[in-house]
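Structure first, commentary second.
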Amino acid sequence: MSQMPQQAALSNCPSCAEPLESDDRFCGACGYDLSTVAVPSPDTPTLTMGHGAVPRPAAPAAGGAPVAGAAGPGTPGDAWQRGRQRPHAEPPSPPHAQPQPAPEVPFTQPRSADPHPAAPGAGVRFDRPAEPEEYPLQAPDPAQAPDPRQTPQTAAPGADVSAGPAAAVCVACRAGRVDSDGYCENCGHAQPRERDHMEQESGPVAAISDRGLRHHRNEDAFGLGRTALPDGTAASVAIVCDGVSSATRPDEASLAASRTASEFLLAALARGTHPQQAMHEAIVAAAQAVDALADEPAGAREHSPHQNAPACTLVGAVVTGELLVVGWVGDSRAYWVPVDRAAPAARLTEDDSWAAQMVAAGLMSEAEAYADERAHAITGWLGADAYELEPHTASFKPDRPGVVVVCTDGLWNYAESADEMAQVLPLDAGTRPLHSARVLVGHALDGGGHDNVTVALVPFPLPPQGAGSA
């Protein structure tokens with residue numbers, strides 16, 4: 001048992017430097033056991049811990065084991081009046097040893113047996129398991145996409161950048177390069193293809209085609225053009241095609257049909273063919289172009305015996321000085337929307353579909369037929385496996401200005417009736433067709449974008465040469 005030194009030599013607590021009385025055995029401020037100190041020890045800094053400033057723990061009574069929270073005999077009655085909690089008892093450090101700073105631990109940590117006790121003279125004992133020398137790094141989360149604000153790495157200083165144009169950068173992660181197949185080498189995302197979103201203006205006519213929000217590719221296509229009739233009158237053409245998703249290569253079918261029909265129409269109109277006759281012949285030519293896609297190499301069918309012929313629908317419009325002609329096969333549509341919205345709008349086409357047949361036969365109302373899951377089953381299309389090609393054409397002589405809306409079901413599913421289409425179409429569609437087409441496509445995307453969306457707008461009558469979107 002250590003002998004208690006002369007208390008007269010201790011005018012201040014060696015732990016917290018609080019003034020002491022001559023007969024104090026414990027510090028009234030921090031509870032320090034003064035009987036273990038022979039001479040004043042050097043100043044010891046307070047360790048900051050989880051519950052504030054915690055002074056150096058008190059030592060046990062001579063020959064006894066430390067007891068957590070227990071005061072030794074002779075503790076002054078005012079030891080708890082300063083709002084401090086007596087710390088757990090710890091073995092005292094030699095008077096000459098300085099306590100070493102240590103990491104912060106909770107003050108209320110359990111006093112369990114420590115497999116790695118502090119070495120004698122360490123000053124402070126922290127009862128916690130030993131920590132490894134190395135900490136494994138957490139694996140990156142594959143579900144977390146890189147920051148899109150990141151920019152691709154630039155070439156190192158002095159690198160040769162004259163070898164060619166920089167490789168395309170992924171639109172998803174903004175870091176990886178795009179390989180020749182159109183996929184990012186870093187995150188694997190497929191890159192937008194040229195047909196995912198297309199916009200075009202041809203004089204006063206404009207069209208937009210968008211992949212939509214659910215399909216993995218755009219199977220729609222359109223063709224626009226403007227020409228002059230033999231008498232000098234201007235004529236505008238718009239063709240919209242929708243690939244049949246259940247067919248093989250529907251995107252190729254719609255592209256072939258739209259290009260063939262629009263080019264045929266422009267050439268026939270310039271030769272002086274009547275617009276309605278030209279429309280009929282253009283549809284027949286488009287059907288032949290789609291039929292040709294079914295002519296595969298001899299061994300192709302052996303490798304893919306369950307594939308069917310490419311197929312698509314078609315709808316088109318021709319506007320001349322006084323005449324409006326529409327033609328169609330399938331369920332793509334044309335609407336007439338007058339500039340004066342007080343006048344009624346009209347649908348100019350009738351679907352080649354199961355629902356239309358049920359309505360025409362009087363077996364169902366239009367609402368019942370189009371609510372049926374078989375509503376969009378088409379009964380007419382362009383393709384080698386079509387039962388019989390029946391091009392539909394109709395001609396009109398509107399008595400007032402308006403706009404012809406030519407579209408696939410990816411749009412009219414969200415504005416089915418003529419009145420609904422008129423409500424969605426901007427009032428200035430005749431003078432700003434491209435802007436108005438964007439509005440219509442946005443309406444379909446806001447509604448869900450379940451299908452590819454394609455729309456062309458043709459004003460009637462045609463504005464003077466050179467007029468277009470503002």
Side-chain angles (χ1 to χ4, degrees), residues 135-202 206-224 240-243 245 248-256 258-259 293 310 312 407-408 410-411 414 432-457 468-470:
Y135 292 85
L137 295 177
Q138 183 179 4
D141 184 3
Q144 183 179 3
D147 190 344
R149 294 168 295 181
Q150 291 179 349
T151 57
Q153 295 182 353
T154 58
D160 182 12
V161 295
S162 61
V169 178
C170 175
V171 299
C173 68
R174 302 290 182 183
R177 295 187 303 174
V178 179
D179 61 20
S180 58
D181 294 330
Y183 291 86
C184 176
E185 296 177 348
N186 179 46
C187 66
H189 276 77
Q191 302 304 294
R193 287 161 286 199
E194 181 181 0
R195 289 183 63 178
D196 283 355
H197 185 89
M198 300 179 292
E199 298 186 0
Q200 183 181 347
E201 273 188 304
S202 179
I208 294 179
S209 183
D210 191 272
R211 186 185 66 180
L213 304 179
R214 302 297 180 87
H215 281 231
H216 70 284
R217 65 180 176 184
N218 188 1
E219 298 171 355
D220 290 357
F222 63 81
L224 300 181
V240 168
C241 295
D242 184 356
S245 296
T248 303
R249 301 176 357 245
D251 53 333
E252 297 182 25
S254 62
L255 184 61
S258 61
R259 285 180 174 176
L293 296 177
C312 68
C407 64
T408 62
L411 172 60
Y414 302 99
R432 302 180 66 195
L434 183 59
H435 164 77
S436 300
R438 290 170 179 160
V439 172
L440 294 180
V441 171
H443 174 76
L445 298 180
D446 290 343
H450 288 74
D451 200 354
N452 306 143
V453 187
T454 302
V455 58
L457 299 180
S469 295

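All values below come from the heavy atoms of this structure, side chains included, with hydrogens, waters and symmetry mates left out.
Residue Arg211 is tested with Asp196, Asp251, Asp451 for a salt bridge (Lys or Arg N to Asp or Glu O under 4.0 Å); the sole match is Asp196.
Nearest approach of Cys170 to Cys184, heavy atoms of both residues: CB-SG, 3.4 Å. For the pair Cys241 and Thr408, the tightest heavy-atom approach, listed with the atom from each and the gap, is O-CG2, 4.1 Å. In this structure, Gly410 and Ala444 approach most closely via the heavy-atom pair O-CB, 3.6 Å. Smallest separation of non-hydrogen atoms from Ser258 and Ala221: OG-CB, 3.5 Å. Closest of all the heavy-atom pairs between Cys187 and His189 is SG-ND1, 3.1 Å. The shortest heavy-atom contact between Arg214 and Gly448 is NE-O, 4.1 Å.
Of the possible donor and acceptor atoms, one in the side chain of His443 sits under 3.5 Å from a partner among the backbone N and O of Tyr414.
For Arg217, the side-chain hydrogen bond (donor to acceptor under 3.5 Å, both in side chains) criterion is met by Glu219, not counting sequence neighbours. Arg259 is linked by a side-chain hydrogen bond (donor to acceptor under 3.5 Å, both in side chains) to nothing, counting only residues two or more places apart in sequence or in another chain.
The CZ atom of Arg193 sits 6.0 Å away from the NE2 atom of His216 when rounded to the nearest 0.5 Å. Atom NE2 in His435 sits 11.0 Å away from atom CG in Leu457 (nearest 0.5 Å). A distance of 4.0 Å separates SG in Cys173 from CG in Asn186, rounded to the nearest 0.5 Å. The structure places CG of Asn452 at 6.5 Å from CG of Asp242, a figure rounded to the nearest 0.5 Å. For the atom pair CG (Leu293) and CD (Glu252), the distance works out to 6.0 Å, reported to the nearest 0.5 Å.
Under the 3.5 Å distance criterion, with hydrogens and angles disregarded, a donor-acceptor pair is assigned to the side chains of Asp220 and Thr454. For the residue pair Ser209 / Asn218, a side-chain donor-acceptor distance below 3.5 Å is found, with atom types taken as modelled.
Considering only heavy atoms from C-beta on, Leu434 comes within 4.5 Å of Ile208 through its side chain. Using a 4.5 Å cut-off on side-chain heavy atoms (C-beta onward), Val240 and Val455 make no contact.
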